[in-house]
Structures are given as structure tokens and as C-alpha cells.
Amino acid sequence: MSTAYALIDCNNFYASCERVFDPTLKNRPLVILSNNDGCVIARSGEAKELGIPMGIPEFKARPLIKKHNIAVRSSNYALYGDMSNRVMETLRSLTPNLEVYSIDEAFAELSNRLTGSFWDYGVEIRERVLQWTGMPVSVGVAPTKTLAKIANEYAKSTPEREGVMVLGSNQVIEKVLRQTPVDDVWGIGRNYSKTLREHGIETAFDLRNQPDSWVRKTMKVTGLRTVWELRGRSCLEIDETTEPRKGILSSRSFGKTVTDCRHLKEAVASFTERAAEKLRAQYCVASNISVVLVTSKYQNPGSKYKFGLEIHLPNPTANTPRLTKISGMCVEQLFEPGRHYKKAWVMLTGIIPQQEVQRDLFSESSYDNKDYSLMESLDAINQKFGKRTMMTAGSGIDQPWQMKQQFLSRRYTTRWDELPEVR
DNA sequence: TCTGGGGTCCTAGGACCC
DNA sequence: TCTGGGGTCCTAGGACCC
């Protein structure tokens with residue numbers, strides 16, 4: 001193996017973050033709920049063993065939670081985001097070629113190492129991250145990213161591996177692929193795995209042995225890449241760049257259903273505010289904004305429950321008041337009395353770097369220097385004094401639609417007033 | 001009663017151009 | 001009856017990821 005990829009993945013990331021700052025949670029089963037406390041989105045190892053499934057609605061899990069005295073937390077993204085940065089910085093101290101793939105995983109490219117030393121490298125990563133951040137991680141090493149994912153999974157589920165697995169020789173790869181259910185392969189989701197199983201393809205090993213033409217036909221080029229990667233031919237490279245996002249979405253379910261237009265406009269205004277903030281954080285402007293209002297899809301199954309509108313902005317902008325005004329007009333058009341709204345979202349697309357904006361000489365509404373410095377001060381104030389210190393009046397003060405967060409832990413690392421205390 | 005919030009890539013098909 | 005051949009751009013929708 002001359003070039004190899006490592007996948008470093010935090011174990012039960014959200015649960016581990018909570019534990020770093022609250023030792024009473026050690027060894028106790030723990031679940032983390034989605035925004036709005038709707039579903040279980042993360043579980044500690046103990047909670048998994050007790051049979052709490054991923055994604056289950058909280059009310060369905062409640063009997064088990066009671067029975068086993070499982071600890072419950074609302075998701076605390078301020079805390080998780082900060083912990084994630086610490087882990088990634090630690091990884092960068094050990095490997096220059098790092099691709100941060102998600103909040104809790106990163107790929108590293110390892111060139112010119114001897115097979116023997118991959119294992120040592122994995123152990124070193126684990127030890128350093130644990131020591132510097134308190135976060136347990138697992139490491140999988142293999143000739144391709146797809147195989148590194150599988151190696152990582154194997155390291156996690158096989159305690160004897162002590163959190164590190166190297167897939168080097170063909171014999172070992174084959175043995176592990178035979179044990180890997182096809183739906184555990186990266187890139188194979190619910191739909192494809194159903195199709196594959198209908199064709200008698202049960203394991204990663206079976207999938208690897210399918211002819212290219214059939215794979216291409218049933219799973220398109222992305223599927224073919226997956227199969228080649230399983231065969232050890234690398235098709236996916238390390239991507240270290242952080243390109244600007246192509247779309248920025250801000251959405252929330254409401255704490256309780258919203259039926260009046262004013263509150264709906266407030267909610268959408270505040271989502272617009274957040275989206276615009278993200279947009280400016282990457283020094284970009286948007287050329288389109290779309291607003292979607294959502295009612296319950298469970299209430300009248302099959303009937304329409306999403307109502308959306310997209311507006312093209314002749315002059316791309318990142319100006320919050322301007323965007324808020326447009327999204328408010330969308331709400332007015334979409335709103336129908338009598339509907340019970342559960343959720344809304346605001347999406348910004350057609351995103352281009354600020355400097356590349358075509359100036360429109362005859363219009364005052366382009367994103368000019370005055371706009372820019374106003375927004376810059378707004379962001380600076382909110383960063384210094386906390387979110388929503390300054391906001392547009394349209395986003396409402398009382399915000400009755402705010403999400404439920406009954407079990408929120410403190411933002412230990414990002415708020416002075418919520419630092420952990422030692423007695 | 002109660003069901004998350006972000007993202008990516010690919011493809012097909014239509015509009016439109018020369 | 002016969003009815004070009006190529007291209008681009010955009011959108012909607014479907015698949016996937018964490």
C-alpha cells in the first residue's frame with residue numbers, strides 16, 4: 001500500500017461531547033434529541049445496547065428511557081461545533097492532508113508509509129486526540145476512502161481492535177468485506193440496498209463482484225465508483241478545500257403549530273437572518289431566495305403539505321433587511337388561513353463571492369460598500385455579545401414558535417456565563 | 001398529543017441557441 | 001410523405017451523506 005487513506009471518526013460524538021463536561025454522564029446510558037426534542041439523533045454505547053434505535057421519535061422511546069433511567073439531552077450545537085474544531089485542530093497537528101468531512105469525521109491521506117506503521121499511526125492519533133480533547137475516536141486505514149470507512153466501522157464494532165483497523169492485504173480485505181452487510185457500505189442507502197438484496201447481493205463482497213455494466217445501469221456512475229473503490233481502486237480524492245456552499249438553508253420546526261400570518265412572518269424573518277449571516281460568513285452574496293412553508297405530512301397522508309416560492313434577485317445581496325423584506329412578501333403570498341404550519345425554511349442559492357458581483361450602475365439596490373459595512377458591524381456585535389443582540393424587528397421578540405429544548409446542557413466552551421465550575 | 005436540520009451529486013427533460 | 005445536429009443552461013426530482 002503506497003498511498004492510503006485514514007478515516008478518523010469520533011465515537012458517539014454528541015454523547016461524548018456531553019460527557020466531556022458532565023462526568024455524571026460517564027457509564028450512564030445517554031440519548032441526544034434533535035432540535036425541537038423530536039427524535040433521538042445520537043446515543044451513547046450503553047443506550048445503543050439497550051435497544052434505542054437511531055431516529056426514533058422521542059415519545060416512542062419514552063418507556064425505555066424511563067425504564068432504564070437513561071439520561072436525555074437536547075442537542076447543543078454550539079458545544080458540538082466547538083469540540084469538533086478542537087478535534088480537527090489536533091488532527092492537523094499529526095497530518096497535513098486533512099479533509100474535514102463532517103462534524104465528527106475527517107479523512108487523512110497517508111503517503112509513503114510502510115504498512116507496519118499504519119497501525120502505530122492510528123494509535124498515536126487516538127491517544128493524542130483523547131489526551132488533548134477528551135474525545136474517543138476510531139481510526140480505519142485502507143487503500144481507498146470507501147474501504148477506510150469500512151475499516152473504521154470494523155474498528156468500532158470489534159473491541160479487540162482497540163479502535164484501530166488497517167485493511168492492507170487482499171486476504172484481510174476480503175474477509176472483512178464478506179462480513180459487511182451491503183447497506184453498511186458508504187454510498188448505499190435504503191433504496192439501493194433494497195434493489196441489491198432483491199438481486200441476492202447481501203454483502204460488500206457480493207457487491208464488489210458485480211459486473212461494471214450492471215452496476216452502472218442500476219446505480220449510475222456514483223454506484224460504479226463505490227464498487228471500484230471496494231476493489232481497491234481509488235476514485236475519491238482528499239478534498240482539503242472549503243469551497244463556498246452552493247446553497248444555504250435555514251429551517252426549523254416550530255415548538256407548536258403556527259396558524260397566523262404574523263408569527264409565520266416573524267419565524268421566516270429570523271430564518272432569513274440566520275441564512276444571511278451564514279452567507280456573509282463566507283463572504284458571498286445570493287442571487288435567489290426561496291421560502292417554503294410546511295404543514296404536517298402525517299395529518300393527511302398523500303395531500304400537499306409543502307408550499308414554496310422562489311424569487312430571483314436581479315441584484316445579488318447579503319443584506320439582511322433586504323432579504324427579510326422579500327421573504328416576508330413570500331410568506332404573505334403563500335399563507336392560507338386555516339392551515340396549521342409546523343415548519344418553514346429559507347434557502348439562499350446562486351451563491352457567488354462578494355467580489356465577483358456585477359455592479360449594476362443604474363440601481364441603488366446592489367450590495368454596495370455601505371450595505372457591506374452595515375452588515376459587518378451587525379455581525380461583529382452579535383459575535384461579541386451573543387446571538388440576536390441586534391436583530392431586525394421583523395423577527396419578533398416573544399417568538400412563540402421557538403423550538404422546544406427542554407433538556408439543553410450549557411454551552412460550556414463558547415459562553416462566559418456558562419463555563420463549567422469546579423468546586 | 002409527540003416524527004431533525006443541514007448538505008452533496010447525478011440525471012432527465014425542456015427551453016433555447018445557432 | 002419527407003422534417004438536422006449540435007450545444008448550453010436551467011429545473012425538478014431522486015439518490016445519497018452525517
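The analysis underlying the following values was restricted to heavy atoms, covering all of them including side chains, and did not include hydrogens, waters or symmetry mates. Predicted, not measured: the structure shown is a model, and the values here were computed from it.
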Taking N or O atoms only and anything under 3.5 Å, show me the protein contacts with nucleotides 5-8 of chain B, one pair per line.
| from | atom 1 | to | atom 2 | distance (Å) |
| --- | --- | --- | --- | --- |
| B:dG5 | OP1 | A:Ser253 | N | 2.6 |
| B:dG5 | OP2 | A:Ser253 | OG | 3.0 |
| B:dG5 | OP2 | A:Lys343 | NZ | 3.4 |
| B:dG5 | O3' | A:Arg252 | NH1 | 3.3 |
| B:dG6 | OP2 | A:Ser251 | N | 2.5 |
| B:dG6 | OP2 | A:Ser251 | O | 2.3 |
| B:dG6 | OP2 | A:Arg252 | NH1 | 3.0 |
| B:dG7 | OP2 | A:Leu249 | N | 2.8 |
| B:dT8 | OP1 | A:Lys246 | N | 3.3 |

Enumerate, atom names and distances included, each donor-acceptor pair closer than 3.5 Å involving a side-chain atom of residues 254-262 of chain A, sequence neighbours excluded.
| from | atom 1 | to | atom 2 | distance (Å) |
| --- | --- | --- | --- | --- |
| A:Asp260 | OD1 | A:Arg262 | N | 3.1 |
| A:Asp260 | OD1 | A:His263 | N | 3.1 |
| A:Asp260 | OD2 | A:His263 | ND1 | 2.9 |
| A:Arg262 | NH1 | A:Glu266 | OE2 | 3.1 |

Practice task
Would you classify A:Asp37 as touching base, sugar-phosphate or nothing, given that sugar-phosphate means primed atoms plus P, OP1 and OP2, and contacts are heavy atoms under 4.0 Å?
Solution key: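 If one applies the 4.0 Å heavy-atom cut-off, A:Asp37 turns out to touch nothing in the nucleic acid.
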Practice task
Would you mind classifying the nucleic acid contact of A:Lys149 as base, sugar-phosphate or nothing, using non-hydrogen atoms under 4.0 angstrom?
Solution key: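 The residue A:Lys149 makes sugar-phosphate contact but no base contact.
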Distance check needed: [N] [atom2] versus [X] [atom1], whole Å only.
X        : N      : atom1 : atom2 : answer
A:Met54  : C:dC18 : CE    : C1'   : 8 Å
A:Tyr80  : C:dC18 : OH    : P     : 18 Å
A:Lys342 : B:dT1  : NZ    : P     : 11 Å
A:Ile150 : C:dC17 : CD1   : P     : 12 Å
A:Arg62  : B:dT3  : CZ    : P     : 11 Å
A:His340 : B:dT3  : NE2   : P     : 14 Å
A:Ile65  : B:dC2  : CD1   : P     : 18 Å
A:Ile41  : B:dG4  : CD1   : P     : 11 Å

Checking [X] now: which residues fulfil side-chain hydrogen bond (donor to acceptor under 3.5 Å, both in side chains) with it, not counting sequence neighbours?
X        : result
A:Arg197 : A:Asp183, A:Glu202
A:Arg252 : none
A:Glu153 : none

Exercise for the section: For the pair A:Thr158 and A:Glu160, evaluate side-chain hydrogen bond (donor to acceptor under 3.5 Å, both in side chains) and give the outcome as yes or no after the intermediate values. Expected result: CA-CA 6 Å; A:Thr158 317; A:Glu160 309 90 77; 5.8 Å; no
Exercise for the section: Consider only side-chain N and O atoms of A:Glu273 and A:Thr320, and report whether a donor and an acceptor are under 3.5 Å apart. Expected result: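 There is no such pair between these side chains.
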Handout entry: Test item: side-chain donor near acceptor, A:Thr146 and A:Glu229, under 3.5 Å
Key =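 There is such a pair (donor and acceptor under 3.5 Å, judged by atom type) between the side chains of A:Thr146 and A:Glu229.
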Problem - Sequence neighbours excluded - side chain to side chain donor-acceptor pair (under 3.5 Å) pairs with any residue from residues 26-36 of chain A - result: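 The answer is A:Arg28-A:Asn69.
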Practice task
Taking the six-membered ring for Trp and the full ring for Phe, Tyr or His, determine whether the centres of A:Phe118 and A:Tyr121 are under 6.0 Å apart.
Solution key: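 No, they do not, as the ring centres are separated by 6.0 Å or more.
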Handout entry: Helical bend (five base pairs per end, nearest 10°) for the helix from B:dG5-C:dC18 to B:dC18-C:dG5
Key =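 What I find for the helix from B:dG5-C:dC18 to B:dC18-C:dG5 is an axis angle of 10°.
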Exercise for the section: Please list residues of residues 203-228 of chain A whose heavy atoms come under 4.0 Å from any atom in DNA chain B, ordered by number; otherwise none. Expected result: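 The answer is A:Arg216, A:Lys220, A:Val221, A:Thr222, A:Arg225.
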Handout entry: Footprint string (nucleotides 9-16 of chain C, 5' to 3'): B base within contact, S backbone only, - free, heavy atoms under 4.0 Å
Key = ------SS
Problem - Non-neighbouring partners of A:Arg178 that pass salt bridge (charged side-chain N to carboxylate O under 4.0 Å, His left out), sequence neighbours left out - result: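 A:Glu174.
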Exercise for the section: For A:Arg245, enumerate each residue passing the salt bridge (charged side-chain N to carboxylate O under 4.0 Å, His left out) test, keeping only those at least two apart in sequence or located in another chain. Expected result: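 Salt bridge (charged side-chain N to carboxylate O under 4.0 Å, His left out) list for A:Arg245, sorted by chain: empty.
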Problem - Given A:Lys48, A:Lys156, A:Arg19, the one that forms side chain to side chain donor-acceptor pair (under 3.5 Å) with A:Asn12 - result: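 That would be A:Lys48; it is the only one of A:Lys48, A:Lys156, A:Arg19 passing the side chain to side chain donor-acceptor pair (under 3.5 Å) with A:Asn12.
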Exercise for the section: Measure the OH-CG distance between A:Tyr5 and A:Leu147 for me, rounded to the nearest 0.5 Å. Expected result: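 Between A:Tyr5 OH and A:Leu147 CG, I get 11.5 Å after rounding to 0.5 Å.
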Distance-only criterion, 3.5 Å: show the donor-acceptor pairs between side-chain atoms of residues 131-141 of chain A and protein atoms not counting sequence neighbours.
| from | atom 1 | to | atom 2 | distance (Å) |
| --- | --- | --- | --- | --- |
| A:Thr133 | OG1 | A:Val129 | O | 2.7 |
| A:Thr133 | OG1 | A:Met135 | N | 3.1 |
| A:Ser138 | OG | A:Asn11 | OD1 | 2.7 |

